[in-house]
Amino acid sequence: MPTTISRSRSGALPFCISATAWVDLLGYGSMIADAELNPIDPRAKEAVTRLRTFHRIVADHSGRYYRTLVINDGAVAYRDLSLRDNGVTHDFLQRSQQLFEAISENEDRNRWPGARMVLGLGFRARGSRRAIDDAERRVGMILAELTAGKVSAAEAVRQAASIQRYSDGIPQLQANFAFTRSYVADSAGSRAGLGGPSMFVDTAMFEDGVPPKWVKCGSAIVFREPRLAIDCSFVAVTGLTAPGKKDDRIPGLRDGLEIGEAIAPTIALRTLLRTSR
């Protein structure tokens, strides 16, 4: 039977269209292997310095519209795309390229192996806010006790500061298939033609799957992972120039709905997206 997909009661799509950029340090494992995984071995000092600098650079490039999660020698940036404004698509692409350039400049300066970034696109289920809501509930209880005069202001501040999450998660990265696409492609690396210190971008980001002239890049590289039904293409981006605007749109880039239609695996999903315009 064909799959039926419907909107939520509010009229919103039951999912988001997301972009993620996964970046990791090449050769980091070899560096810590040389130190025999011994944190007090003098040879581990350079590896730790490299890691700490990477974390600082990622933090410096993070913000309200470019949130990141660092996982040891890797980091992922993520954002839900606007359904109709392709300026959000451009903003994520540009911020990702700026982050990659900053990491690469530091790697080159220190003669380290470099980094690889894979920018992927995909759908994501709306994530659970369980850990966030629990913390908000506990803060609400403290404020209620303060209002009722049951605790002093100093005690309320102390209790709020002591709240800890024993189980945590980032809703935007749960059941995020853009992240799946980025991570799987990066893991395949040189075996799939995505080797070396480069920034690879999913061509579904571009109109007709073809990078516009203001995107400096190489030829498209087909990437397939049959076990996960991934079939897409990437280009190695080496630079961006100012794209300008035409009719309030960035030329050559797709908005969220257009990306969704391009990557939708079923007719039912494509139909739902088309009727959202």
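Numbers here are sequence positions counted from 1.
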Answer yes or no: are there more than 12 heavy-atom neighbours, outside [X] itself, under 6.0 Å from its atom [atom1]?
{"X": "N38", "atom1": "CG", "value": "yes"}
{"X": "I71", "atom1": "CD1", "value": "yes"}
{"X": "D60", "atom1": "CG", "value": "yes"}

same_hphob_cluster([X], [Y]) at 4.5 Å side-chain heavy-atom cutoff:
{"X": "L93", "Y": "F100", "result": "yes"}
{"X": "F15", "Y": "I259", "result": "yes"}
{"X": "L173", "Y": "Y183", "result": "yes"}
{"X": "F179", "Y": "F234", "result": "no"}
{"X": "L119", "Y": "V184", "result": "no"}

Donor-acceptor contact present, side-chain [X] to main-chain [Y], <3.5 Å:
{"X": "H55", "Y": "N72", "result": "yes"}
{"X": "D186", "Y": "V118", "result": "no"}
{"X": "D202", "Y": "A204", "result": "yes"}
{"X": "N86", "Y": "I250", "result": "yes"}

Shortest non-hydrogen contact between [X] and [Y], atoms and distance:
{"X": "P243", "Y": "P251", "value": "O-CG, 3.5 Å"}
{"X": "S18", "Y": "T20", "value": "OG-CG2, 4.1 Å"}
{"X": "F123", "Y": "I263", "value": "CE1-CG1, 3.7 Å"}
{"X": "V76", "Y": "W22", "value": "CB-CE3, 3.7 Å"}
{"X": "V235", "Y": "G218", "value": "CG1-O, 3.7 Å"}
{"X": "G209", "Y": "R254", "value": "N-NH2, 3.8 Å"}

- Query: Do F54 and V23 pass the side chain to side chain contact (heavy atoms under 4.5 Å, CB included) test, and can you show the C-alpha distance, the side-chain angles, and the key distance before you say yes or no?
  - Reply: CA-CA 10 Å; F54 170 66; V23 58; 4.2 Å; yes
- Message: For T53 and N106, which I'm curious about, is there any donor-acceptor pair between the side chains at under 3.5 Å?
- Response: no
First locate atom [atom1] of [X], then atom [atom2] of [Y], and finally report the distance between them rounded to the nearest 0.5 Å.
{"X": "C232", "Y": "M205", "atom1": "SG", "atom2": "CE", "answer": "12.5 Å"}
{"X": "I221", "Y": "F200", "atom1": "CD1", "atom2": "CZ", "answer": "5.0 Å"}
{"X": "E46", "Y": "R111", "atom1": "CD", "atom2": "CZ", "answer": "11.5 Å"}
{"X": "R79", "Y": "S96", "atom1": "CZ", "atom2": "OG", "answer": "10.5 Å"}
{"X": "S62", "Y": "R95", "atom1": "OG", "atom2": "CZ", "answer": "10.0 Å"}

Is the shortest heavy-atom distance from the side chain of [X] to the side chain of [Y] under 4.5 Å?
{"X": "R43", "Y": "E36", "result": "yes"}
{"X": "L228", "Y": "F177", "result": "no"}
{"X": "M117", "Y": "L99", "result": "yes"}
{"X": "L240", "Y": "Q98", "result": "no"}
{"X": "E107", "Y": "R50", "result": "yes"}
{"X": "F223", "Y": "R181", "result": "no"}
{"X": "L253", "Y": "F206", "result": "yes"}
{"X": "L81", "Y": "L121", "result": "yes"}

- Go through L51 and D73 one step at a time and tell me if the side chain to side chain contact (heavy atoms under 4.5 Å, CB included) criterion holds. CA-CA 6 Å; L51 190 70; D73 61 324; 3.9 Å; yes
- Message: One pair to check against side chain to side chain contact (heavy atoms under 4.5 Å, CB included): R124 and D80. What are the steps and the verdict?
- Response: CA-CA 9 Å; R124 80 165 179 90; D80 292 333; 2.7 Å; yes
Taking distance alone, no hydrogens or angles, what donor-acceptor pairs closer than 3.5 Å link side-chain atoms of residues 25-34 to residues at least two apart or in another chain?
none

- Task: List the steps, then state whether side chain to side chain contact (heavy atoms under 4.5 Å, CB included) holds for E258 with D255.
- Result: CA-CA 5 Å; E258 291 166 338; D255 58 33; 3.2 Å; yes
- Evaluate the ring planes of F92 and Y66, with Trp represented by its six-membered ring, and classify them as parallel (under 30°), tilted (30 to 60°) or perpendicular (over 60°). tilted
- Task: Over 60° means perpendicular and under 30° means parallel, so classify the ring planes of W214 and H90, tilted if in between.
- Result: perpendicular
